[in-house]
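Report on one structure; see the data block that follows.
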Amino acid sequence: LQAVPTIKRLRGKAENIRLMELEKARAKLGEEITPKQLKVLEDLSRGIMNKMLHAPMQALRSEGDVQTHVQTIDVLGRVFGLSEEDEKTPQVRK
Amino acid sequence: LQAVPTIKRLRGKAENIRLMELEKARAKLGEEITPKQLKVLEDLSRGIMNKMLHAPMQALRSEGDVQTHVQTIDVLGRVFGLSEEDEKTPQVRK
Amino acid sequence: ASGQNYVVLEMLKKGKKCLRDNEPQRAVVLFEEALRAIDATPDFKDPLLAKRKAYRGIGGAYVQIGRPQAALDALMKVLDLTRQIGDNTGLCDAYGVIADIYTDMNKLDKAAEYYDLYIANLEQDQSAETM
Amino acid sequence: ASGQNYVVLEMLKKGKKCLRDNEPQRAVVLFEEALRAIDATPDFKDPLLAKRKAYRGIGGAYVQIGRPQAALDALMKVLDLTRQIGDNTGLCDAYGVIADIYTDMNKLDKAAEYYDLYIANLEQDQSAETM
């Protein structure tokens, strides 16, 4: 359960990246985009984000020995800047 | 320098995800895609991949104390499956 | 009904735009109006898909507003509709948002349960609702 | 020249398709043909951009063929052209591929040097050559 807040922060971080890049893509296409194309962009952005998140997310939730798990949470938290103090910038969430 | 092979493997893994998802998006759009739209898809896929790679890549290259660095390489290697033995599947690289 | 379908689609789009613009109250009004319009149209095309979009939107709006229980209620409706429809569009996304809400409510057991479902769906071919 | 531009563009596209289909030898032939066509056309539009695409393709092809030094030579041309053009399209990508090649050659110092450049460019608005 220790990893739960870390998972939420990592999700938030990735989603912010996704929304920002998706917005850029939409802006580049402007008015000429069809609903189908927009759906393809959305799916592409989600597909890449989700598959890149899969490995760290699984590691964060994996049971197994406590010491390894704590180390995983520590290192991923540090690497991705996911400690409570890092969570200063407000996150735009749907 | 210890982190160098890990960086290469992480890049390869992310690029495989990106190419796979990009191919799916292209297939969905089929013939109706313009060169400009294809470029937007490419940029979107690269934008998300690069920004999601930034934090772990920086951590892998960060100097600082040796023990922390070794721990980072170990944990990221384990989490993303980046040890030498994990590199069984051939990687499609341009 | 194709006229009514178009009207509802536009409401959903507007609602989603409100979410992006941080106007969740207005979004809720639009999404609920869409739900009523769907129910009032007997020959509406794909009513369950449209309702799922509306409830997903309401869930997002209540997250923004800060009413976690109302958000959970709406997202449970999304899971329900997904079961009825029989696809898995937006399932991963819904599990993740539900888990986030439980995390904020400090119900870490429930959060972990839904994060596990979220993670189990991460690698599948995923897509979420677009409007 | 617009006719010639179109011909070269088609060669680059075909070359890239060869790379995707794992036919690097054919790709090299096409990319080199494109380079010659660009040089032979005095009023070619944006010759440096087109050359950069061709050299990026040649670099990728030699990686696939397993001729790391030839790949490096082509990618150094890419960096060169990028300096001349003055944009940074594909810079991050080129640094990364160069570092990968040095890693394979077991020149870890050089690899680290280029990975640092790669990482420094990761967060910028990036895009690579598309053809």
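Here the structure is a predicted model, which is why all the values come from computation and not from measurement. Atoms considered below: every heavy atom in the structure, side chains included; atoms not considered: hydrogens, waters and symmetry mates. The chains referred to below are lettered A, B, ... by the order of the sequence lines, with proteins before strands, and numbering in each begins at 1.
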In terms of heavy-atom pairs under 4.5 Å with chain B, which of A:Leu22, A:Val75, A:Thr72, A:Leu41 leads?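 Most heavy-atom pairs under 4.5 Å with chain B: A:Val75.
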Working to the nearest 0.5 angstrom, can you tell me the gap between [X] [atom1] and [Y] [atom2]?
| X | Y | atom1 | atom2 | value |
| --- | --- | --- | --- | --- |
| B:Asp74 | A:Gln71 | CG | CD | 7.0 Å |
| B:Met49 | A:Ile17 | CE | CD1 | 12.5 Å |
| B:Arg26 | A:Leu44 | CZ | CG | 12.0 Å |

Under 4.5 Å, counting heavy-atom pairs only, tell me which of B:Ile33, B:Val40, B:Leu76 racks up the most with chain A.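 Ranked by heavy-atom pairs under 4.5 Å with chain A, first place is B:Val40.
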Which atoms form the tightest heavy-atom contact between B:Met52 and A:Ala14, and what is the distance?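 Looks like CE-CB, 3.8 Å.
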Which atom pair, heavy atoms only, marks the closest approach of B:Val79 to A:Pro56?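 What the structure gives for the nearest pair is CG1-CA, 3.5 Å.
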Under 4.5 Å from any heavy atom of chain B - which part of A:Thr34: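 Neither; nothing under 4.5 Å.
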Validation row: A:Leu29, B:Gln37 side chains within 4.5 angstrom (heavy atoms):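 Heavy-atom side-chain distance check passes, below 4.5 Å.
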Is any side-chain heavy atom of A:Thr68 closer than 4.5 Å to one of B:Arg78?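 In contact.
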Do the side chain of B:Lys28 and the main chain of A:Lys36 share a donor and acceptor less than 3.5 angstrom apart?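 Pair absent, no side-chain N/O of B:Lys28 close to backbone of A:Lys36.
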